[in-house]
Amino acid sequence: MTTATPAIRLTALSKAFGSVNAVDNLDLDIAEGEFFSMLGPSGSGKTTVLRLIAGFEMPSAGTIELQGHDVTNRSPFDRDVNTVFQDYALFPHMTVRENVAYGLRVRGMGKKERLERAAASLESVALGGFGDRKPSQLSGGQRQRVALARATVVQPKVLLLDEPLGALDLKLREQMQVELKELQRSLGITFIFVTHDQEEALTLSDRIAVFNKGRIEQLGTPTEIYERPQSSFVASFVGTSNIFDENRSREVLGVPGTNSIRPEKITLAGAGSAVPEGTVSLDGTISEVIYLGTSTRLLVTLASGQQLSVLEQNVSSLSGNDRRGQKVRAEFARTDVVSLAPIPA
Amino acid sequence: MTSNAASPLIERAGIPPHRHTPARRVSVFLSQHARARLGLLLSAPLLWLGLVYIVALAALLVTAFWSVDSFTGEVSTTWTLDNFVTVFTGAVYQAVTLRTVGIALLVTIVDIVIALPIAFFMAKVASPRLRRILVIAVLMPLWASYLVKAYAWRSVLSEGGLLEWLLSPFGGQTPGYGIPAIVITLSYLWLPYVILPIYAGLERVPDSLLEASSDLGAKTGRTLVSIVLPMLWPAIIAGSIFSFSLSLGDYITVNIVGGANQLLGNLVFTNVGAANNLPLAAAIATIPIAIMVVYLTAARRSGALESL
């Protein structure tokens, strides 16, 4: 960690709605210029944290610092952070250009200059010719860009994005992911990105915080989160994992604690073939074959009764044969086994 | 097709086939003929609107061109413009028209000013539970008879009444019966009709728009003026149409709390009843209709009716 002042520092932050703790005693530093994702299922508190940073909600306890200044009790209009809303929240009675210029208008910038800046900002999101349209005349992807232009034209220190790609179809979402990343690099400001889509978080982020029940379950780079999950929650929420509880770990793997193995780390060999050194080998029967296009997901029922999910790349186009009922040997390297929730010493 | 129907691939055990009743055949016909469906759907309301509403209005307009025989008191169906000349040139009619429009405008403004904060509180501040209670509270006065409410205000406004009792410690007194009493009572009577459309309009303004405005640096007042009011404009116009048109035609409240003042409604009423001059009454009644036409046209011009 650098010693520089973080863009956002949350200290002992809590937010209760009635008896429910949406955010529970949260400490978090987000560095300047970082693309930071808050990932979690709905109700995990990630959006509440975003709304607390924006100022739409007041915390029950704790403080929020923006570049070293305490902004906990400041109104949203008094904070240099801007939000891209999930529903875009474009003003329907204004044109696209007026929407983008609104933040400059309320700051008292002259008409000529603010319209010029709005036009430049629209240009930067490839919507140069759309200034005179109403938001209702735009497609979902275009509205998304207008929302981005409107939030960035006022040059915030931190940009908050609340599931901004959730309403777009898959192709558009992949395209917008690339554009978001490029935008963040060119602006050089901190992005805080809320999503429930683990793939999106892995693709975009410098760091990810995985939220569960108002707390951060794990904080780390995409590789750390995916390759070294520290709890069964993270292991199963981010990607898919085969989890061995304590009994099964001892029986099958011969190691203590709860352990997990990713489906793509497992290979299937013919039953009775030789077992290489440092490899776990488990006999089983293929009980289900799910074709996924680039890969095939196989469910292997082990002798112990546990089901193992295995992911095979479709290298050959012949792998679509019905292999249900086939006896196989599932193999994976011991080093790929991840120990979850470390056992207290 | 036929072989399929005779030997379905999977027997649907216990589920009887469709019965070919006449009702089913009608449904099939209607589902395939959109125009017939539309015609059936609209003919009854159109007939009602045409007969009861348009014909009645036309009859009124025609009557205004007739006259009353001053000896027999019977309506004579000879065409004349005399009634309109009387109405448009008579000083009394001009004064009453101005007074009526003035009161209707004042009532409308008072109602909008009172309704805006109440509707805002209901739609954006109150908890869902409190919101339901407030909606009921706003609608509750509509359960009581119009006359009861007007007489209640007569009592409140009377000398030695509730208002005087409340105001006397501060040196105030009741305005008595007259134009202020008319405005107060009519404002009270039409307030629910103004609150409800504005409340509905506010409910359609998503909270995220208010948050976005604040997020972009606008203080609360700015958000109200730049975001809420423009989006609410159609709802305000809709509410004002209620309070304005209802005020234009009212004569009972005027009789109860208005003292000696008369509005257009009273002139119509006296001419239909005591003066037995139906054609003149019809001519007077065209004044509020004309005013409403002008009002609605202006509202339409402002674009307020487009998103209604």
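Computation of the quantities below employed the complete heavy-atom set of this structure, encompassing side-chain atoms and omitting hydrogens, waters and symmetry-equivalent molecules. Each chain gets a letter, A, B and so on, in the order its sequence line appears, and its residues count up from 1.
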B:F242, CZ atom: more than 12 neighbouring heavy atoms under 6.0 Å: no
Within residues 66-85 of chain A or reaching into it, pairs that qualify as ring pair (Phe, Tyr, Trp, His ring centres under 6.0 Å) - sequence neighbours excluded: A:F56-A:F85
With sequence neighbours excluded, residues passing side-chain hydrogen bond (donor to acceptor under 3.5 Å, both in side chains) with A:E288: none
Among A:A54, A:A147, A:P92, A:G55, residue most engaged with chain B (heavy-atom pairs, under 4.5 Å): A:P92
Under 4.5 Å from any heavy atom of chain B - which part of A:L90: backbone
Pair listing, ring pair (Phe, Tyr, Trp, His ring centres under 6.0 Å) test, anchored in residues 103-126 of chain A, at least two apart: none
Quick one: donor-acceptor pairs under 3.5 angstrom, chain A versus chain B?
from: A:R51; atom 1: NH1; to: B:E211; atom 2: OE1; distance (Å): 3.0
from: A:R51; atom 1: NH1; to: B:E211; atom 2: OE2; distance (Å): 3.3
from: A:R51; atom 1: NH2; to: B:E211; atom 2: OE2; distance (Å): 2.6
from: A:F77; atom 1: N; to: B:S214; atom 2: O; distance (Å): 3.3
from: A:N82; atom 1: ND2; to: B:D215; atom 2: O; distance (Å): 2.9
from: A:N82; atom 1: ND2; to: B:D215; atom 2: OD2; distance (Å): 3.3
from: A:T83; atom 1: N; to: B:D215; atom 2: OD2; distance (Å): 2.6
from: A:T83; atom 1: OG1; to: B:D215; atom 2: OD1; distance (Å): 3.0
from: A:D87; atom 1: OD1; to: B:S208; atom 2: OG; distance (Å): 3.3
from: A:D87; atom 1: OD2; to: B:S208; atom 2: OG; distance (Å): 2.9
from: A:H93; atom 1: NE2; to: B:S226; atom 2: O; distance (Å): 2.9
from: A:Y102; atom 1: OH; to: B:S213; atom 2: OG; distance (Å): 2.8
from: A:R105; atom 1: NH2; to: B:S226; atom 2: OG; distance (Å): 3.3
from: A:R107; atom 1: NH1; to: B:L216; atom 2: O; distance (Å): 2.7

